[in-house]
2 protein chains.
Amino acid sequence: MHILREPEPEAALAFLQSALAGLKEHRGRLVQVFANCTVDYQGRAASTLDQGERLIMLKPDGTLLVHTGEKSKPVNWMPPGENRFSVAEKDGRIELTALRRKPHEEVVRIFLHDVRLLLSVPMRDAQELVLRRTEGDLHALFYAHPELIEPGLVFHRGEKDTRRGPVDLWGTDKEGHRVLVEVKRSKGGISEATQLWRYVEMERNGRYAVEGDVMEGTANVAVATRSGKNGSGKTGANGQNGKTSPKVRGILACPGISDKAQKMLSDHGLEHVAIDWDDLLQHLDAPRAAGQATLGRFGGDGLKDGDKERTVRTGRRRKG
Amino acid sequence: MHILREPEPEAALAFLQSALAGLKEHRGRLVQVFANCTVDYQGRAASTLDQGERLIMLKPDGTLLVHTGEKSKPVNWMPPGENRFSVAEKDGRIELTALRRKPHEEVVRIFLHDVRLLLSVPMRDAQELVLRRTEGDLHALFYAHPELIEPGLVFHRGEKDTRRGPVDLWGTDKEGHRVLVEVKRSKGGISEATQLWRYVEMERNGRYAVEGDVMEGTANVAVATRSGKNGSGKTGANGQNGKTSPKVRGILACPGISDKAQKMLSDHGLEHVAIDWDDLLQHLDAPRAAGQATLGRFGGDGLKDGDKERTVRTGRRRKG
DNA sequence: GCGCAGAGGTGCAGA
DNA sequence: TCTGCACTTCTGCGC
Ligand SMILES: [Mg+2]
Ligand SMILES: [Mg+2]
């Protein structure tokens with residue numbers, strides 16, 4: 001570990017040159033510069049940042065972060081990749097530059113007016129984050145236990161590709177109707193409702209599936225029926241033009257939904273199935289063994305009937 | 001500035017207690033801990049992270065960041081807010097905890113097994129980032145110069161609220177037809193095309209505007225015409241059922257578009273107007289005075305005719 | 001490399 | 001506080 005406090009410009013330059021050269025040594029080091037600096041960025045956008053005290057951080061994978069004393073996001077940065085760090089002296093001040101060519105030509109130039117502290121610290125870390133309560137957890141759970149969405153439902157596919165992107169779950173209900181389910185880990189907004197509609201609209205209209213252009217004057221068949229004045233009433237049949245069959249249903253499975261989202265669903269005869277994470281975690285939670293998510297004991301319970309509001313739980317998942 | 005290298009647990013504890021107490025002193029300090037640690041998180045989701053060397057960073061605004069030697073995003077974190085940091089010793093090891101109640105109950109617990117370095121550094125910074133080439137720059141530019149989108153176009157509103165969210169620009173073309181424009185700073189994907197469709201579908205169908213439910217059996221009128229086999233042909237009139245009038249056009253103004261997005265637009269008779277940032281910046285770029293974006297000299301040039309591909313440029317904008 | 005979609009997204013503005 | 005939305009989003013995954 002190397003530390004240099006309040007260095008003169010020459011010493012700072014030497015330190016940084018050495019630190020950059022050794023950035024990837026011995027499983028990698030974290031290099032930090034506390035300095036009064038200005039920052040210029042050019043790339044996907046462009047920015048300037050006048051003089052102030054910030055923390056500059058360099059990682060062995062090419063990551064550059066510039067943090068101020070506020071907020072959780074860096075004020076300037078460069079994502080990891082084939083980035084080239086360089087340091088040079090110009091007119092008596094040190095210029096630290098990060099440059100990349102891919103996937104966009106980008107450059108961050110940092111002018112160090114006054115270096116307060118320099119660090120180079122080895123970072124050994126073999127562990128990976130284990131994250132639970134992800135959308136993937138819900139996918140696995142619902143796929144294994146479609147009855148949690150609705151009795152009689154069967155899923156044939158996860159991540160089924162419509163021609164408008166992949167829908168989370170793809171199945172058939174007990175009436176034999178096609179069912180598309182889009183799952184969200186948190187409250188659904190209008191964009192999530194719209195995403196579901198994008199998939200369902202495609203599946204309801206074979207016309208759109210054609211490679212070429214849609215014929216002029218043809219009427220769009222996507223239509224909604226009443227879906228309950230208060231949003232929790234019986235959804236009833238989703239009105240659909242008789243020409244397209246069988247009926248295609250769309251379900252947004254998530255905890256809660258905004259008013260606009262509910263309206264969007266209603267407009268197109270789509271449905272919402274509510275998820276309760278607390279219930280889910282309370283019932284599951286147990287299995288701590290490594291490997292795949294344990295979707296063990298799972299009866300038909302945890303399923304409140306009557307108003308398309310249900311309950312579930314999750315396993316776990318490794319990040320990355 | 002305080003530095004403590006390879007401290008004993010007792011010294012580390014004392015340092016951290018003092019550092020946390022003085023976190024907001026004198027315009028704020030940045031507190032860092034380099035340590036071999038494990039991390040537990042509970043909140044919107046839940047995670048565990050086994051032992052490894054990481055950087056822990058605390059900001060005066062409540063921000064907590066835990067960085068590994070890889071990636072630009074922290075492996076664990078807590079966003080700024082009314083967070084409470086605390087440190088304590090348990091079974092001979094130090095536990096650093098961050099807790100918040102709003103907007104969600106969340107806690108990050110960090111167990112420090114071996115502290116390598118402790119820092120508390122003052123951070124004075126009065127400057128704010130100036131960012132250019134934002135979507136907002138395009139909004140202002142197009143609003144002031146609708147001819148860059150299309151000759152004869154007039155905008156009445158920016159950020160006009162449809163009942164499905166706010167569309168960027170709202171105007172009338174020279175035929176007297178309603179035009180909705182959604183602007184994107186980078187290439188448009190299927191979700192951006194879908195977003196535009198969400199707005200246009202609403203404006204084309206007064207039926208959806210009704211507070212109550214949509215009637216069963218009504219046909220959706222949104223329809224596409226041929227929009228060119230190669231996507232660059234004459235868009236022609238967007239076929240629309242005669243019942244809804246006047247015609248409502250939708251334009252996605254962005255640099256480039258994916259195939260699926262183009263198909264989505266074509267399916268619904270929506271259009272794409274291409275943006276060329278290089279052209280824009282080349283022509284503008286000049287004004288460096290502070291304050292509002294200068295949308296000065298702007299003729300009808302920079303507008304390649306013939307295939308709904310045009311050109312523009314931007315001003316600048318302050319972040320926050 | 002492109003494109004889609006999730007994220008403990010974060011940050012912001014408007015109601 | 002909630003909602004919609006941009007973001008130099010980042011990041012993972014599939015094609
Ligand atoms: Mg999905
Ligand atoms: Mg917009």
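Here is how names work: the chains are called A, B, and so on, in the same order as the sequence lines, proteins then strands, and each is numbered from 1.
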Point to revise | Residue met sooner reading DNA chain C from 5', once A:Lys71 and A:Pro103 are mapped to nucleotides | key: A:Pro103
Practice item. Could you check B:Ala46 against A:Pro166 and say which one's nearest nucleotide on DNA chain C is further toward the 5' end? Key: A:Pro166
Check your understanding: Which heavy atom in A:Met123 sits nearest to a heavy atom in B:Thr68, and how many Å separate them?
Key -> CE-C, 3.9 Å
Review point. Looking only at atom types and distance, does a side-chain atom of A:Arg185 sit under 3.5 Å from a main-chain N or O of B:Arg44, one as donor and one as acceptor?
Key: yes
Review point. Ignoring hydrogens and geometry, is there a side-chain-to-backbone donor-acceptor pair from A:Asp168 to A:Glu159 under 3.5 Å?
Key: no
Using OP1 and OP2 only, check whether a side-chain N or O of [X] sits under 4.0 Å from [N].
| X | N | result |
| --- | --- | --- |
| B:Ser258 | C:dC2 | no |
| A:Lys184 | C:dA5 | no |
| B:Ser47 | C:dG8 | no |
| A:Arg44 | D:dC10 | yes |
| B:Gln195 | D:dA6 | yes |
| B:Lys73 | D:dT9 | no |
| A:Arg185 | C:dG9 | yes |
| A:Trp77 | D:dT9 | no |
| B:Arg133 | D:dC7 | no |

Exercise for review: Quote, to the nearest angstrom, the C1' distance that separates C:dG6 from D:dC7.
Suggested key: 15 Å
**Study point:** Inter-nucleotide P distance (D:dT11, C:dG11), Å rounded
**Key:** 15 Å
Within the 4.0 Å heavy-atom criterion, would you say [X] contacts the bases, only the backbone, or no part of the nucleic acid?
| X | answer |
| --- | --- |
| A:Gly189 | sugar-phosphate |
| A:Arg100 | nothing |
| A:Gly165 | sugar-phosphate |
| B:Glu105 | nothing |
| B:Gln42 | nothing |

Please report, rounded to the nearest Å, how far the [atom2] atom of [N] is from the [atom1] atom of [X].
| X | N | atom1 | atom2 | result |
| --- | --- | --- | --- | --- |
| A:His104 | D:dC10 | NE2 | P | 8 Å |
| A:Glu135 | D:dC13 | CD | C1' | 14 Å |
| B:Asp259 | D:dG14 | CG | C1' | 16 Å |
| B:Arg198 | D:dT3 | CZ | C1' | 11 Å |
| A:His67 | C:dT10 | NE2 | P | 13 Å |
| A:Asp168 | C:dA5 | CG | P | 9 Å |
| A:Lys160 | C:dC4 | NZ | C1' | 16 Å |
| B:Asp137 | D:dA6 | CG | P | 14 Å |

Revision key, fill the gap. Of the candidates D:dC5, C:dG8, C:dG6, the side chain of B:Tyr199 sits closest to D:dC5
Review point. B:Ile190 side chain: which of D:dT8, C:dC4, C:dG8 is closest?
Key: C:dC4
Practice item. Quick one: sort the A:Phe155 and A:Tyr143 rings into parallel, tilted or perpendicular, breaks at 30° and 60°. Key: parallel
**Study point:** Residue mapping more 5' on DNA chain D - nearest nucleotide basis, A:Lys260 or A:Pro79
**Key:** A:Lys260
**Study point:** Geometric cation-pi criterion B:Arg164 and B:Tyr208, 6.0 Å radius, 45° cone
**Key:** yes
**Study point:** Distance flag, aromatic centroids of B:Trp197 and B:His268, threshold under 6.0 Å
**Key:** yes
Exercise for review: Find the distance between CD (A:Glu201) and OG1 (A:Thr162) and round it off to the nearest 0.5 Å.
Suggested key: 11.0 Å
Exercise for review: Would you kindly check whether a donor in the side chain of A:Asn76 faces an acceptor in the base of D:dT8, or vice versa, at under 3.5 angstrom?
Suggested key: yes
